[in-house]
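Notes for the one structure printed next.
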Amino acid sequence: MYEQMEIAKAMEEASRAGLGGALATVIRVTGSAYRHPGAKMYIDSQGNTCGMISGGCLEADVAEIALKVMETAKPVRKEYVMDEDLVWGLGLGCPGTVEVYIEPLPPAVVQNDLLQEWRKTVLEGNPGVLCTLFLPESDEGLETNPARLFIPQWGNPLGDLGLLGWNKFATQLASQQLSLSHAKSTMLALPDEGGEIFLDVYQPAPQLLVFGAGHDALPLVEMGATLGFSVTVIDPRPGFNTAERFPKAEQRLLISPQDMVDVSIGGRTYVVIMNHHLERDKDALRFALQSKAPYVGMLGPRKRCERIMNSLMQEGITFTKDELSRLYNPIGLNLGADSPEEIAVSILAELIAVHRGQDGGFLRDRQAIRERASHLSLTQTS
């Protein structure tokens with residue numbers, strides 16, 4: 001999330017300076033690989049890069065190809081078979097296949113360039129899906145200007161994939177992906193046509209809402225921001241909730257949880273309650289559980305949380321089964337964490353697992369590191 005923003009900024013700066021570049025995007029992964037489809041790297045005219053498409057294995061080779069792409073103004077679709085590339089000397093150790101699409105970015109902004117719409121959407125912090133049509137290559141290589149459709153979460157789709165049915169299906173699938181807390185970019189097959197459509201999904205950074213500005217909140221906020229979360233700290237104490245203590249927090253609200261009538265918690269807001277104050281924790285828990293937050297974590301032992309819940313019940317406040325399913329207490333994964341830094345790692349690890357739809361167990365106990373994406377095929381309609 002943070003990386004996509006940095007790439008969009010680099011593209012914006014180059015465009016303003018009248019400089020060209022190239023954009024490399026992972027469009028398919030088979031087997032094991034470091035990054036998912038949708039991972040990007042921007043390459044400027046000097047070969048400098050921003051972003052990563054692997055664990056450092058592919059970047060140099062892709063940057064070299066990108067310079068040729070800029071020179072010829074023709075895109076390249078490159079497949080890296082890891083086992084074979086290991087023999088060829090690239091030093092890749094993951095037994096999988098990664099396919100990368102490297103496209104030129106002209107010095108001047110091209111009218112109706114939907115990649116620029118993607119860049120604008122990212123910079124504005126809005127969700128959107130960029131669909132790119134890949135037809136079988138001709139003898140002359142890939143199309144210089146592939147058909148594209150851009151679907152913002154708010155507003156009308158822009159562009160055209162070539163057939164009304166393709167546009168309709170892509171729009172429906174994009175809308176489904178954007179409704180998820182963690183959407184995934186994916187490639188769709190066009191079996192009748194022998195081509196494919198890549199859905200490149202962008203969602204802005206999820207929010208981490210931290211109730212409490214104590215000492216143990218410092219590493220949580222610092223690490224959360226580093227991981228790409230938009231962090232807000234809520235604490236009514238002016239001496240604790242300061243910019244100097246939380247330089248990476250995007251917001252610091254000097255209010256009590258009971259005064260949060262104007263604070264919005266949506267489906268991409270993850271809440272951590274660590275006030276170390278019974279009444280403030282109770283107010284924060286009531287507010288958070290009645291919101292759409294997919295994760296509400298409360299620091300402290302189970303008995304303390306039960307005491308707070310019983311107090312709320314005595315006040316006539318009850319929660320639905322769905323609301324209670326989003327409560328995590330004790331908070332964090334079972335790491336045996338002791339220090340504030342270790343506890344922050346434990347909390348964020350659990351939070352990321354929930355965000356990604358995982359259970360946070362040992363990878364050695366799984367058949368595969370990552371679940372394989374279900375095959376999606378596009379049925380042609382007129």
Side-chain angles (χ1 to χ4, degrees), residues 1-27 34-80 90 98-134 137 140-152 155 158-160 185 198-205 228:
M1 298 163 290
Y2 174 80
E3 184 180 70
Q4 301 268 29
M5 178 66 74
E6 291 303 301
I7 289 172
K9 288 178 180 178
M11 291 170 59
E12 175 81 4
E13 291 173 3
S15 177
R16 288 180 178 176
L19 301 175
L23 183 67
T25 304
V26 175
I27 60 175
Y34 193 81
R35 301 300 304 271
H36 285 167
K40 292 180 174 58
M41 181 173 74
Y42 171 74
I43 307 96
D44 68 17
S45 56
Q46 303 301 313
N48 301 309
T49 64
C50 175
M52 292 178 61
I53 53 171
S54 74
C57 306
L58 303 179
E59 279 72 9
D61 191 67
V62 169
E64 185 176 340
I65 295 173
L67 293 176
K68 297 177 182 177
V69 164
M70 293 179 223
E71 182 180 344
T72 62
K74 291 184 178 181
V76 169
R77 189 171 172 178
K78 172 74 171 179
E79 183 179 83
Y80 292 91
L90 286 179
V98 175
E99 196 168 354
V100 183
Y101 179 59
I102 309 161
E103 59 186 308
L105 302 176
V109 176
V110 179
Q111 191 173 8
N112 299 324
D113 183 359
L114 296 186
L115 192 58
Q116 304 302 328
E117 289 295 329
W118 171 86
R119 183 189 72 190
K120 179 182 176 183
T121 295
V122 172
L123 291 173
E124 292 176 350
N126 296 321
V129 180
L130 180 63
C131 307
T132 303
L133 178 66
F134 291 102
E137 291 188 44
E140 298 180 356
L142 294 172
E143 294 185 51
T144 302
N145 297 305
R148 275 180 157 152
L149 180 69
F150 182 70
I151 301 126
L158 302 172
D160 185 12
S185 299
F198 180 63
L199 274 73
D200 193 351
V201 182
Y202 173 74
Q203 289 180 315

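Owing to the predicted nature of the structure, the values given are computational and were not obtained by experimental measurement. We number each residue from 1, following the sequence as shown.
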Closest approach of [X] and [Y], non-hydrogen atoms and distance?
X: A63; Y: G47; value: CB-O, 4.5 Å
X: G38; Y: S185; value: CA-OG, 3.9 Å
X: I7; Y: K40; value: CD1-O, 3.3 Å

Would you say [X] and [Y] make side-chain contact, with heavy atoms under 4.5 Å?
X: P152; Y: P127; answer: no
X: I151; Y: C131; answer: yes
X: V98; Y: V26; answer: yes
X: R35; Y: E3; answer: yes
X: E103; Y: V69; answer: no
X: F150; Y: T121; answer: yes
X: V62; Y: I53; answer: yes
X: R77; Y: V100; answer: no

Consider only side-chain N and O atoms of [X] and [Y], and report whether a donor and an acceptor are under 3.5 Å apart.
X: Y42; Y: N48; result: no
X: T49; Y: E59; result: no
X: R148; Y: T132; result: yes

Distance (rounded to the nearest 0.5 Å) between [X] [atom1] and [Y] [atom2]:
X: L58; Y: Y80; atom1: CG; atom2: OH; answer: 6.0 Å
X: I43; Y: E64; atom1: CD1; atom2: CD; answer: 12.0 Å
X: I102; Y: L23; atom1: CD1; atom2: CG; answer: 10.0 Å
X: E12; Y: R16; atom1: CD; atom2: CZ; answer: 4.0 Å
X: L105; Y: S45; atom1: CG; atom2: OG; answer: 11.0 Å

Legend entry - Trace of the side chain to side chain contact (heavy atoms under 4.5 Å, CB included) decision for L130 with L115: CA-CA 8 Å; L130 180 63; L115 192 58; 3.8 Å; yes

Inset, instruction - Using a strict cut-off of less than 4.0 Å between a Lys/Arg side-chain nitrogen and an Asp/Glu carboxylate oxygen, indicate whether K78 and E99 qualify as a salt bridge. - result: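 So K78 does not pair with E99 through a salt bridge.
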
Inset, instruction - Tell me, with the steps shown, if L149 and L158 meet side chain to side chain contact (heavy atoms under 4.5 Å, CB included). - result: CA-CA 6 Å; L149 180 69; L158 302 172; over 6 Å; no

Legend entry - Intermediate values then yes/no, side chain to side chain contact (heavy atoms under 4.5 Å, CB included), D200 and T25: CA-CA 9 Å; D200 193 351; T25 304; 4.0 Å; yes

Legend entry - For E117, side-chain hydrogen bond (donor to acceptor under 3.5 Å, both in side chains) partners two or more places apart: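 Here no residue qualifies.
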
Legend entry - Contacts of type side-chain hydrogen bond (donor to acceptor under 3.5 Å, both in side chains), residue E124, not counting sequence neighbours: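 N126.
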
Legend entry - Sidechain-backbone polar pair: T72 side chain, K68 backbone, donor-acceptor under 3.5 Å: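 Here the side-chain-to-backbone pair exists.
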
Legend entry - Criterion side chain to side chain contact (heavy atoms under 4.5 Å, CB included) on R119 and Y202, from CA distance to verdict: CA-CA 10 Å; R119 183 189 72 190; Y202 173 74; over 6 Å; no

